Number of protein chains: 2
Amino acid sequence: MADKPRRPDLAAMLAPLLRELIAAEEPVLAAHEVSMWGYVVLSALDAAPMRTQAALAATIGADKTRIIRDLDELQQRGLIERRPDPDDRRVRLLAITEAGRAVKNAVQAEIQRGEEHWLGVLDAEERRTFLRVLSRLSAGEPT
Amino acid sequence: MADKPRRPDLAAMLAPLLRELIAAEEPVLAAHEVSMWGYVVLSALDAAPMRTQAALAATIGADKTRIIRDLDELQQRGLIERRPDPDDRRVRLLAITEAGRAVKNAVQAEIQRGEEHWLGVLDAEERRTFLRVLSRLSAGEPT
DNA sequence: TATTGTTATACTCTATAACTATA
DNA sequence: TATAGTTATAGAGTATAACAATA
């Protein structure tokens with residue numbers, strides 16, 4: 001029996017697209033002297049402050065040990081706050097600062113302007129549907 | 001002035017989704033004893049045979065040096081053909097075999113069945129638009 | 001001299017394990 | 001003893017450079 005016609009796998013389509021998007025982000029991040037993870041941290045803390053570094057790491061899908069350097073640098077530059085919880089001095093309360101929010105917003109605005117290179121080829125309905133579906137799939141649907 | 005409401009970056013939405021998709025692929029690939037790159041190679045050679053390993057590497061976005069082990073293994077298992085071009089014995093003509101195509105199709109069918117976990121939450125119109133847009137963006141639009 | 005494929009080396013990124021300080 | 005954070009180590013994956021064969 002003949003093979004059914006197949007579409008490409010989702011991962012096979014997503015991977016090269018993501019690679020290109022990341023490559024386009026790199027000069028923007030470099031211009032603002034923020035690392036990729038640093039930017040992810042700023043975005044996460046902009047959405048909500050965190051009570052522990054482990055929780056932040058879990059939220060952004062990183063290992064808790066590999067964001068420490070980024071937290072050090074972000075804190076040193078005054079882009080985040082990171083102070084021991086008086087109630088439990090083991091934990092570090094994390095929050096974005098106004099300066100951090102300004103950097104994050106500037107970077108994000110530039111990145112999204114760059115993304116028009118891709119989104120610009122879509123018509124209004126495609127764009128709306130694509131972004132909506134993507135945000136739904138990315139969030140992780142209920143099991 | 002107040003900040004405009006922003007959507008998340010494309011990369012920020014694509015990255016976690018891709019991570020989940022890859023995690024879902026791994027057991028399937030393991031069951032068929034094919035590496036991720038091996039599967040990518042089979043898919044590329046299924047679409048079109050290649051005249052050089054460098055061309056194949058470029059097509060799949062890999063370094064030419066890092067697919068050699070995979071080519072070795074695929075050839076040894078009879079999943080691809082890899083023979084010197086009589087006209088230029090430096091180059092290796094690459095093609096998928098029938099056995100290779102069978103493995104690739106089996107893996108792909110399982111992977112796409114697994115992807116229904118994500119696509120299944122979409123309605124017909126969302127699904128159609130999403131897949132169409134993705135394939136267009138992934139291909140890389142004309143500059 | 002240039003090119004294909006290969007091997008060897010170095011580098012980056014990530015994960016694992018061990019340590020400290022608090023509880 | 002258990003947990004949050006940190007540091008040190010090791011491992012995987014990738015890129016860079018050198019090499020052999022052929023043109």
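Just so we're clear, the structure is a prediction, and the values are computed from it rather than from any experiment. In what follows, chains are A, B, ... by sequence order, proteins preceding strands, each numbered from 1.
- For the pair L17(A)/L10(B), no side-chain contact is recorded, criterion being any heavy-atom separation below 4.5 Å from C-beta on.
- Annotation: proximity of residues 63-80 of chain A to DNA chain D (heavy atom, distance under 4.0 Å) is found for K64(A), T65(A), I68(A), numbered in ascending order.
- Residues from residues 31-57 of chain B lying near DNA chain D, meaning a heavy-atom separation below 4.0 Å, are W37(B) in numerical order.
- With sequence neighbours left out, the side-chain contact (heavy atoms from CB on, under 4.5 Å) criterion links A57(B) to K64(B), I67(B).
- For the side-chain contact (heavy atoms from CB on, under 4.5 Å) test, no residue two or more places apart in sequence or in another chain qualifies with A47(A).
- Residues passing the side chain to side chain donor-acceptor pair (under 3.5 Å) test with R51(A), sequence neighbours excluded: D85(A).
- More than 12 heavy-atom neighbours from other residues, nucleotides or ligands sit within 6.0 angstrom of CZ on R19(B).
- Note that CD of Q53(A) and CG of L94(A) are 5.5 Å apart. Values are rounded to the nearest 0.5 Å.
- Protein chain B contacts DNA chain C over a range whose 5' and 3' limits, counting nucleotides with an atom under 4.0 angstrom from a non-hydrogen atom, are dA2(C) to dT7(C).
- Residues satisfying the side-chain contact (heavy atoms from CB on, under 4.5 Å) test with D123(A), not counting sequence neighbours, are E125(A), E126(A).
- A search for side chain to side chain donor-acceptor pair (under 3.5 Å) contacts involving D72(B) returns R82(B), not counting sequence neighbours.
- For R66(A), the side chain to side chain donor-acceptor pair (under 3.5 Å) criterion is met by no residue, not counting sequence neighbours.
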Which atom pairs link the protein and nucleotides 21-23 of chain D when you take only N or O atoms and keep those under 3.5 Å?
{"residue": "dA23(D)", "atom": "OP1", "partner": "R89(B)", "partner atom": "N", "Å": "3.0"}

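- Atom CD1 of I80(A) sits about 7.5 Å away from atom CG of L42(A), to the nearest 0.5 Å.
- E26(B) has its CD atom 13 Å from the C1' atom of dA12(D), to the nearest Å.
- Residues meeting the side-chain contact (heavy atoms from CB on, under 4.5 Å) test with R127(B), sequence neighbours left out: E116(B), L119(B), L122(B), L131(B).
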Return all side-chain donor-acceptor pairs below 3.5 angstrom for residues 22-36 of chain A, not counting sequence neighbours, or 'none' if the list is empty.
{"residue": "H32(A)", "atom": "NE2", "partner": "E110(A)", "partner atom": "OE2", "Å": "2.8"}
{"residue": "S35(A)", "atom": "OG", "partner": "G38(A)", "partner atom": "N", "Å": "2.8"}
{"residue": "S35(A)", "atom": "OG", "partner": "D70(A)", "partner atom": "OD1", "Å": "2.5"}

